2 protein chains.
Amino acid sequence: MRRKSFDDQACGIARSLEAIGDGWGFLILREAMFGVSAFDGFVERLGIPRNTLATKLDGLIAHGIMLKEPDQEDGRRSRYGLTPAGEELLVVLLALQQWGNKWRFGRKGPPSFMADRATRRPVSTLIVQDKDGTPLGLGDVTMIAGPSAPAALKRAFKKLPG
Amino acid sequence: MRRKSFDDQACGIARSLEAIGDGWGFLILREAMFGVSAFDGFVERLGIPRNTLATKLDGLIAHGIMLKEPDQEDGRRSRYGLTPAGEELLVVLLALQQWGNKWRFGRKGPPSFMADRATRRPVSTLIVQDKDGTPLGLGDVTMIAGPSAPAALKRAFKKLPG
DNA sequence: TATGAATAGTCTCATTATTAGACTTACAAC
DNA sequence: GTTGTAAGTCTAATAATGAGACTATTCATA
């Protein structure tokens, strides 16, 4: 059966996931952000099957995250790059990386991290906080329906504790 | 064929994705963070097939993100909750939500957002920044190999532009 | 121009994952 | 006991993923 679409859900998280696609989508974005632009570049660095890559790239382009253009210097090549929307997914990758680096590498610590290119110091740790800068844990945060929320969503939030 | 594992990659992003699983994993976490704890609760709110949910929950538990315990008050129920590691994925969901809310809902704006439970003001926007608080764009950031990085990873980073 | 290599895909076929929905088991309420 | 609820499991159909061969186009070079 076809995978169920998340795009109908009135939720920014679901919409983002639908646009990125799946795990391959995130990894393709990681490579695109750090210099890869050629089809075979993604294949070599990720070990992704060629047909899967073609499908994923089409999806990312269709969702306005990546773009494709012919290479001016070599007519055999296409170049894949990030749109402005795609570039803004950096913060998502950073959040994933910081979590994985903290929880998934045990004692020996993370093998890589994002850093300021100029100072080579690690990027600041992302934190959930109030407008005043007060850190917020899970218990301090709630989900609120905006003006455009469908009635069903507002009902769903009513049922939430707190 | 079985989906290729991301877990061998020496990268926090890949490790996080391997632990969360796929799009369903993120959505299960979203529900768990905002009050759902029963098996049928996830089924009803997500529309996820029961067998898929069972598989995904097993994976999240195996990776130390969620936990399962019998309900003390009703012997029929199990309760699914987040571990401390799972709770810290809030920032990942927030990053996804803020991106989706900005880029995926057009003119009418986002239907929901995370807010401070007390003040009901939206949570602060996540930004990639230096330790000093200087905002960093994609061009200002690079990936650096840590002490535990395998040699192949260091070579890979050498090839990157900048 | 002819030849060979590089690049970006596409094609086939085998295997795995996802899905809908019925079914089972255990417990609770009456 | 009877009925209902909760948490899964099972089956069969369909879709996605995988490895690897293959094609088409363009470049480099003799």
Side-chain angles (χ1 to χ4, degrees), chain A residues 1-9 14 17-28 31-32 35-63 66-81 159, chain B residues 1-9 14 17-28 31-32 35-63 66-81 159:
Chain A
M1 296 249 164
R2 188 173 64 200
R3 212 213 63 207
K4 191 169 290 191
S5 170
F6 301 140
D7 226 9
D8 57 335
Q9 295 195 28
L17 295 169
E18 185 69 24
I20 297 167
D22 64 353
W24 282 128
F26 286 97
L27 297 183
I28 290 167
E31 297 303 320
V36 175
S37 67
F39 189 93
D40 281 358
F42 293 105
V43 171
E44 286 165 22
R45 293 183 59 103
L46 293 176
I48 185 175
R50 309 179 69 79
N51 44 8
T52 302
L53 176 60
T55 302
K56 299 302 175 189
L57 285 172
D58 285 348
L60 290 167
I61 292 167
H63 285 98
M66 294 189 72
L67 46 81
K68 176 183 180 176
E69 56 186 7
D71 189 319
Q72 298 301 332
E73 296 167 359
D74 187 339
R76 293 171 300 185
R77 284 178 182 275
S78 293
R79 294 173 57 83
Y80 294 92
K159 292 193 205 166
Chain B
M1 296 251 164
R2 187 173 61 201
R3 212 213 63 207
K4 190 169 292 191
S5 170
F6 301 140
D7 228 8
D8 57 335
Q9 296 195 29
L17 294 169
E18 185 69 24
I20 296 167
D22 63 354
W24 283 127
F26 285 98
L27 296 183
I28 291 167
E31 296 304 320
V36 175
S37 68
F39 189 92
D40 282 359
F42 293 105
V43 171
E44 287 164 21
R45 293 183 59 103
L46 293 176
I48 185 174
R50 311 179 68 78
N51 43 11
T52 302
L53 176 60
T55 303
K56 300 301 175 190
L57 285 172
D58 285 348
L60 290 167
I61 292 166
H63 285 98
M66 294 189 72
L67 47 81
K68 176 182 180 177
E69 56 186 6
D71 189 318
Q72 298 301 334
E73 296 168 0
D74 187 339
R76 292 170 302 182
R77 285 180 181 274
S78 294
R79 294 174 57 84
Y80 293 93
K159 292 194 205 166

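This one's a predicted model, so the numbers in the text were calculated from it and none came from an experiment. Residue numbering restarts at 1 for every chain, and letters A, B, ... go by the order of the sequence lines.
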Just how far, in rounded Å, is [atom2] of [N] from [atom1] of [X]?
{"X": "B/Asp71", "N": "D/dT5", "atom1": "CG", "atom2": "P", "value": "17 Å"}
{"X": "B/Ile28", "N": "D/dG8", "atom1": "CD1", "atom2": "C1'", "value": "14 Å"}
{"X": "B/Ile48", "N": "C/dT18", "atom1": "CD1", "atom2": "P", "value": "9 Å"}
{"X": "A/Glu73", "N": "D/dT26", "atom1": "CD", "atom2": "P", "value": "17 Å"}
{"X": "A/Leu46", "N": "D/dT17", "atom1": "CG", "atom2": "C1'", "value": "15 Å"}

Discussion item. For a 4.5 angstrom cut-off between non-hydrogen side-chain atoms, does A/Leu67 reach A/Arg79?
Written reply: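 Result no, sub-4.5 Å side-chain heavy-atom pair not found.
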Worksheet item: Within the pair B/Thr52 and C/dT18, is there a side-chain N or O less than 4.0 Å away from OP1 or OP2?
Response: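 False: B/Thr52 side-chain N/O out of range (4.0 Å or more) of C/dT18 OP1/OP2.
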Discussion item. Taking 4.0 Å as the cut-off, does a side-chain nitrogen or oxygen of B/Lys56 come that near to OP1 or OP2 on C/dT18?
Written reply: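 Answer is yes, contact under 4.0 Å.
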Worksheet item: Is there a donor-acceptor pair under 3.5 Å between the side chain of A/Asp22 and the backbone N or O of A/Gly25?
Response: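 Yes, because the side chain of A/Asp22 sits within donor-acceptor range (under 3.5 Å) of the backbone of A/Gly25.
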Practice prompt. List the protein contact pattern of nucleotides 2-10 of chain C with one symbol per nucleotide (5' to 3'): B for base contact, S for sugar-phosphate-only contact, - for none; contact means a heavy-atom distance under 4.0 Å.
Written response: ----BSBBB
Discussion item. Within this structure, what is the CG-OG1 distance for the pair B/Leu46 and B/Thr52, rounded to the nearest 0.5 Å?
Written reply: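 OG1 of B/Thr52 is found 11.5 Å from CG of B/Leu46.
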Worksheet entry | Value rounded to 0.5 Å, distance of CH2 in B/Trp24 from CD1 in B/Ile48 |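 Result: 5.0 Å between the selected atoms.
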Worksheet item: Aromatic rings B/Tyr80 and B/Phe39: how do their planes relate, parallel, tilted or perpendicular, breaks at 30° and 60°?
Response: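 If you compare the ring of B/Tyr80 with that of B/Phe39, the planes turn out tilted.
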Worksheet item: In terms of side-chain geometry, is the basic nitrogen of A/Arg76 or A/Asp71 positioned less than 4.0 Å from the acidic oxygen of its partner?
Response: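 Between A/Asp71 and A/Arg76 there is no salt bridge, as every charged N stays at least 4.0 Å from the carboxylate O atoms.
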